[in-house]
Amino acid sequence: MAIKYGRPIELREVARGNASAAPALDLTVRPRRNRKAEWARRLVRENVLTTDDLIWPLFLIDGSNKREAISSMPGVERLSVDQAVREAERAMKLTIPCLALFPYTEPSLRDEHGSEATNPDNLVCQAVRAIKKEFPDIGILCDVALDPFTSHGHDGLIADGRILNDETVAVLVRQALVQAEAGCDIIAPSDMMDGRVGAIREGLDHAGLLDVQIMAYAAKYASAFYGPFRDAIGSAKTLTGDKRTYQMDSANTDEALREVELDIAEGADMVMVKPGMPYLDVVRRVKDTFAMPTFAYQVSGEYAMIAAAAGNGWLDGERAMMESLLAFKRAGADGVLTYFAPKAAEKIRAQ
Ligand SMILES: NCc1[nH]cc(CCC(=O)O)c1CC(=O)O
Ligand SMILES: [Mg+2]
């Protein structure tokens, strides 16, 4: 019997002959049945976003009782350490498992070598200690890279206009150690130097910090979507040139797999793809290939686009936020770093 759309042709003729009430289209399969009501949609839903999927990035600034708006990231502020502790409390109440910390470094503390990065009493280390003291049960992730601390805004050391890989890695290991010693749970190298994951793992192990995890920014692309972040940490104005000799070319995906493979071999516990939404294909390939805990960073520019369009009344900000976050789950991500974390958590918990 010839089958078309699931029903034998012969039977289709019979069905046609019937009542005038018969459907105009003779369809056995009607996918809309599973969408007919909210309960039915919930029943067949494949992916779900929970508060466990969220990592909340915070920007830090020196001082006390201070909150500073970031003009290119409406709704996001730079926080003094005491205010960051208040946000940690909010994260605990919202059951967000982990915070990520990024410092705005005073210009007077920035130099060519990013020396402040390895100061055990720098802003990030102060914040880690303060948060851990009050809320030991929240996870803290610290970025490892020199850009918040260098006068030139690059993630590594420079000589004759070139980024020095191996010399930079030596500094990154020291940066990771001061953060881990302050109580950081997850070290997240975002610098894209070759070999830094292995060197940091060795440094941590040698210091007896065996339980400190590494989340490698494994496939990190040279992206225009980092613009607002560079405003937030104050490196936008000082950055000379671009980061294309260390961050990846946005045309490549095979290369992402090779980068991820290396970082896993060097000891990464978790891997990350960054930016997020424009690179969901990479998230999917990485997850399918390595079956590792895989994260995506919905970066500042992605946040800014949605926040700006919502602010102008051009799209429904809350729905766009939730849809964008669910997209990461659909692509295979185990979690998302997102500036929407508190808002999304509030919405999830209200459901
Ligand atoms: N290496 C630092 C770093 N860590 C996270 C981001 C971007 C995050 C965002 O845009 O939200 C950057 C910026 C950059 O590489 O220039
Ligand atoms: Mg690499």
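Whatever order the structure lists ligands and atoms in, that order sets their numbers, starting from 1. When a residue number appears, it is its place in the shown sequence, counting from 1. Just so it is clear, the structure is predicted and the values come from calculations on it, not from any experiment.
- Residue R230 has at least one heavy-atom neighbour below 4.0 Å for each of these atoms of ligand 1: 14 (C), 16 (O).
- Among all non-hydrogen protein atoms, the one lying nearest atom 14 (C) of ligand 1 is K243 NZ, 3.3 Å.
- Remark: ligand 1 atoms within the under-4.0 Å shell around heavy atoms of Y226 are 7 (C), 10 (O), 14 (C), 15 (O), 16 (O).
- The aromatic rings of F59 and Y339 lie parallel to each other, with less than 30° between the two planes, well short of the 60° mark.
- At least one donor-acceptor pair under 3.5 Å links the side chain of Q126 to the backbone N or O of D121.
- Not a single heavy atom of M192 sits closer than 4.0 Å to an atom of ligand 1.
- D185 contributes a side-chain N or O that, together with a main-chain N or O of I140, makes up a donor-acceptor pair within less than 3.5 Å.
- By the 6.0 Å and 45° rule, K220 does not stack over the aromatic ring of Y279.
- The backbone N or O of D231 sits nowhere less than 3.5 Å from a side-chain atom of Y104 that would complete a donor-acceptor pair.
- Checking side-chain atoms of H154 against main-chain N and O of G156 turns up no donor-acceptor pair under 3.5 Å.
- For atom 8 (C) of ligand 1, the closest non-hydrogen atom of the protein is F229 CD1, 3.3 Å.
- Coordination check, E259 versus the Mg ion (ligand 2): passed, since an N/O/S atom of the residue sits under 2.8 Å.
- Contacts between A145 and ligand 1, counted as non-hydrogen atom pairs separated by less than 4.0 Å, involve the side chain only.
- Looking at D191, D249, D147 one by one, the single match for salt bridge (charged side-chain N to carboxylate O under 4.0 Å, His left out) with K243 turns out to be D147.
- For Q298, the heavy-atom gap to ligand 1 stays at 4.0 angstrom or more.
- Of all the atoms in ligand 1, the ones that sit under 4.0 Å from a non-hydrogen atom of Y297 are 8 (C), 11 (O).
- For atom 5 (C) of ligand 1, the closest non-hydrogen atom of the protein is K274 NZ, 2.6 Å.
- In D147, the part holding a heavy atom less than 4.0 Å from any atom of ligand 1 is the side chain.
- D155 counts as a contact of ligand 1, since one of its heavy atoms falls under 4.0 Å from the ligand.
- Smallest separation of non-hydrogen atoms from A310 and G317: CB-CA, 3.5 Å.
- Side-chain atoms of S235 do not come within 3.5 Å of backbone N or O of G153 as any donor-acceptor pair.
- For ligand 1, the atoms sitting less than 4.0 Å from at least one non-hydrogen atom of D143 are 2 (C), 4 (N), numbered in the order shown with element in parentheses.
- Regarding atom 3 (C) of ligand 1, its nearest protein heavy-atom neighbour is K220 NZ, 3.4 Å.
- Ionic pairing of K329 and E46 is not present here: no N-O contact between side-chain nitrogen and carboxylate oxygen is shorter than 4.0 angstrom.
- With hydrogens and angles ignored, the 3.5 Å screen pairs a side-chain donor or acceptor of R284 with a backbone N or O of A331.
- Annotation for ligand 1: atoms under 4.0 Å from non-hydrogen atoms of S190 are 1 (N), 2 (C), 3 (C), 4 (N).
- Atom 11 (O) of ligand 1 has its nearest heavy-atom neighbour, among Y339, Y303, F59, in Y339.
- Looking only at protein heavy atoms, the nearest one to atom 10 (O) of ligand 1 is S300 OG, 2.7 Å.
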